[in-house]
Protein chains: 2
Amino acid sequence: MRTRRGESPLAILAGKYLNLNEDERELLGSLDNQPRRIARNSEVVREGRAADNLFVVQSGWLLSYTIMPDGRRQVLQVHLPGDIIGFCDMPLPSFTYELKSLTDCSLCMLTHGHIQDIFHKTPRLTGFLLSLMMVDQKTHTDRLRVLGRMNARDRVIHFLLSTLVRLRMIDQAEGNIFDFPMTQFDLADAVGLTNVSVSNALSSLQEQGALKRSTGKMQILDEAYMREAVSFINRFESIDISWFPYLPPAKDK
Amino acid sequence: MRTRRGESPLAILAGKYLNLNEDERELLGSLDNQPRRIARNSEVVREGRAADNLFVVQSGWLLSYTIMPDGRRQVLQVHLPGDIIGFCDMPLPSFTYELKSLTDCSLCMLTHGHIQDIFHKTPRLTGFLLSLMMVDQKTHTDRLRVLGRMNARDRVIHFLLSTLVRLRMIDQAEGNIFDFPMTQFDLADAVGLTNVSVSNALSSLQEQGALKRSTGKMQILDEAYMREAVSFINRFESIDISWFPYLPPAKDK
DNA sequence: CGGCCGATTGACCAGATTCAATTAGTGTGG
DNA sequence: CCACACTAATTGAATCTGGTCAATCGGCCG
């Protein structure tokens with residue numbers, strides 16, 4: 001188990017929504033054990049592999065994506081520390097996407113048994129995990145709106161904002177500055193553009209003073225303007241996990 | 001409760017994945033009680049309304065969508081009979097989209113209590129509902145791929161195919177023919193195009209003999225070609241709900 | 001220092017949008 | 001049953017955003 005300081009990102013996340021008791025803390029900690037180190041730019045999962053386990057991201061960034069028949073790529077999700085990868089694949093026989101590390105990563109492998117354990121033992125954590133999944137679903141519908149109806153510039157804006165708020169959730173943004181290990185190719189494939197359009201959008205935003213780039217870093221200078229431009233909604237702000245039924249009242253809180 | 005014949009669409013769906021026992025059948029039936037009739041083209045939910053209930057579609061088609069600041073629309077989901085609307089909104093304080101009926105509909109209103117009841121009483125149904133939600137998530141990521149990387153023609157193809165397989169799940173497609181109450185504006189807003197592009201795509205597909213339209217109906221003539229064109233995956237084919245842990249073994253089966 | 005990958009920039013092209021006019025189809029009311 | 005109104009679908013022309021292709025620049029690493 002981990003100490004309060006230097007908590008795992010998933011625990012940090014959980015701590016924002018509920019006051020973990022000792023049992024829950026331990027159970028959540030069991031998800032974080034024995035992390036596996038993954039080098040930058042490695043294939044973690046190839047499409048078609050049996051979906052009999054999940055990953056919890058301890059550190060590092062990853063991408064899940066599909067390849068189109070013509071070779072182009074669509075990034076389905078950017079995975080940050082604290083993310084649970086593969087939750088939604090549990091009812092499916094195999095992964096239907098590729099998973100690649102952008103940076104050196106530390107991943108914990110879970111079996112379905114780990115999840116089932118939580119479902120059996122702690123309704124509060126179950127509710128928390130399911131809520132996370134539902135919010136995930138929401139961010140996907142937000143992206144549908146982005147890919148379906150936004151121009152290049154707004155797509156990039158929306159992507160940066162959603163990355164920023166996610167990093168803040170796990171205390172990995174220093175104000176408006178954060179590490180940004182994605183190339184413009186990666187970003188393009190995430191928002192359905194080409195690297196050229198992304199370059200143009202970023203340059204234009206920088207020129208207008210909305211953001212600032214330095215190698216591997218991103219700084220959002222005019223967050224208000226950007227939020228306004230894309231009607232940004234922070235889905236993490238308003239999660240309420242109390243919808244999930246649980247029998248034993250939590251010990252603390 | 002309903003008879004086996006004339007089952008509710010949700011029960012038909014459930015029956016494809018598990019052999020319901022009497023208790024489960026009754027509990028599922030409780031979701032289908034007292035349907036509310038909704039006229040064609042009415043607003044069922046306006047954005048911002050408290051998300052304290054869910055809907056189960058008994059009959060009819062609905063759209064959930066968001067409006068962009070410039071007035072354009074992005075359809076987030078087309079809801080068919082058997083769909084549960086609002087599941088993912090449970091952890092959120094309010095709906096974040098509009099819900100409109102395309103046809104006359106029959107909807108059952110559920111409270112969070114109904115869902116909690118199922119979660120308490122039957123692990124198998126819980127697993128089924130959660131699996132449905134996860135598959136829903138998968139279809140959303142499929143649509144990301146569509147909106148991010150496909151041209152007009154393929155977007156339309158993908159949409160029609162996914163509608164077809166969903167209708168088949170609830171026994172509402174006669175072979176390759178199905179009712180299709182959407183306008184080309186609706187379809188356009190679902191796949192991120194304009195009505196003009198949709199018209200062109202449909203005409204071209206019809207001319208090439210891949211489909212046939214008559215008023216309010218759609219017929220897929222060359223399903224194999226269309227599946228190939230978009231690398232279509234039927235997410236419903238391969239669901240396995242046994243991942244979900246449950247204590248008491250089911251009585252039947 | 002050289003090689004490589006990523007970012008930038010420009011010219012040209014293509015697919016989709018916009019705008020507009022026409023046709024078809026649906027439903028209403030006389 | 002027909003005329004009218006309204007909505008949806010079709011078609012064409014002009015426009016525009018973003019894609020494609022290509023050349024250059026820049027930084028990082030061995």
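In what follows, chains carry the letters A, B, and so on, assigned in the order in which the sequence lines appear, proteins first and then strands, with residues in each chain numbered from 1. Keep in mind the model is a prediction, meaning the values are calculated, not measured.
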Please check if any side-chain donor atom of [X] sits under 3.5 Å from a side-chain acceptor atom of [Y], or the reverse.
X        : Y        : value
B/Thr183 : B/Asp186 : yes
A/Ser197 : A/Arg155 : no
B/Arg149 : A/Thr66  : no
B/Thr139 : B/Asp142 : no

All N/O pairs under 3.5 Å across the protein-nucleotides 1-3 of chain C interface:
none

Under 4.0 angstrom between [X] side-chain N/O and [N] OP1 or OP2:
X        : N      : answer
A/Arg213 : C/dT8  : yes
A/Gln184 : C/dT8  : yes
B/Thr215 : C/dT26 : yes

Query - Test side-chain hydrogen bond (donor to acceptor under 3.5 Å, both in side chains) applied to B/Arg143 - qualifying residues, sequence neighbours left out - result: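 Counting only residues at least two positions away or on another chain, B/Arg143 forms no side-chain hydrogen bond (donor to acceptor under 3.5 Å, both in side chains).
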
Report task. Mind checking the CG-CG spacing from B/Leu102 to B/Asp179? Nearest 0.5 Å is all I need. Result ->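 Rounded to the nearest 0.5 Å, the CG-CG separation comes to 12.5 Å.
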
**Report entry** side-chain hydrogen bond (donor to acceptor under 3.5 Å, both in side chains) partner of B/Ser64, chosen from B/Gln77, B/His79, B/Glu47
**Finding:**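 Running side-chain hydrogen bond (donor to acceptor under 3.5 Å, both in side chains) over B/Gln77, B/His79, B/Glu47 with B/Ser64 returns exactly one hit, B/His79.
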
Requested in this report: Not counting sequence neighbours, which residues clear salt bridge (Lys or Arg N to Asp or Glu O under 4.0 Å) with A/Asp89? List them please.
Outcome: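 Residues passing salt bridge (Lys or Arg N to Asp or Glu O under 4.0 Å) with A/Asp89: B/Lys138.
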
**Report entry** Interatomic distance, A/Asp189 CG vs C/dG6 C1' [rounded to whole Å]
**Finding:**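 Taking CG of A/Asp189 and C1' of C/dG6, I get 14 Å after rounding.
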
Requested in this report: Take the C1' atoms of the five end pairs on each side of the helix from C/dC1-D/dG30 to C/dG30-D/dC1, derive the two axes, and give their angle rounded to 10 degrees.
Outcome: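 Both end axes considered, the difference amounts to 40°.
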
Any N/O pairs under 3.5 Å between the protein and nucleotides 11-16 of chain C? List them or say none.
| from | atom 1 | to | atom 2 | distance (Å) |
| --- | --- | --- | --- | --- |
| C/dA16 | OP1 | B/Ala152 | N | 2.6 |

Query raised in the report: Which residues in residues 199-208 of chain B have at least one heavy atom lying under 4.0 Å from any atom of DNA chain C?
Result: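 None - not one residue of the stretch has a heavy atom sitting under 4.0 Å from the strand.
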
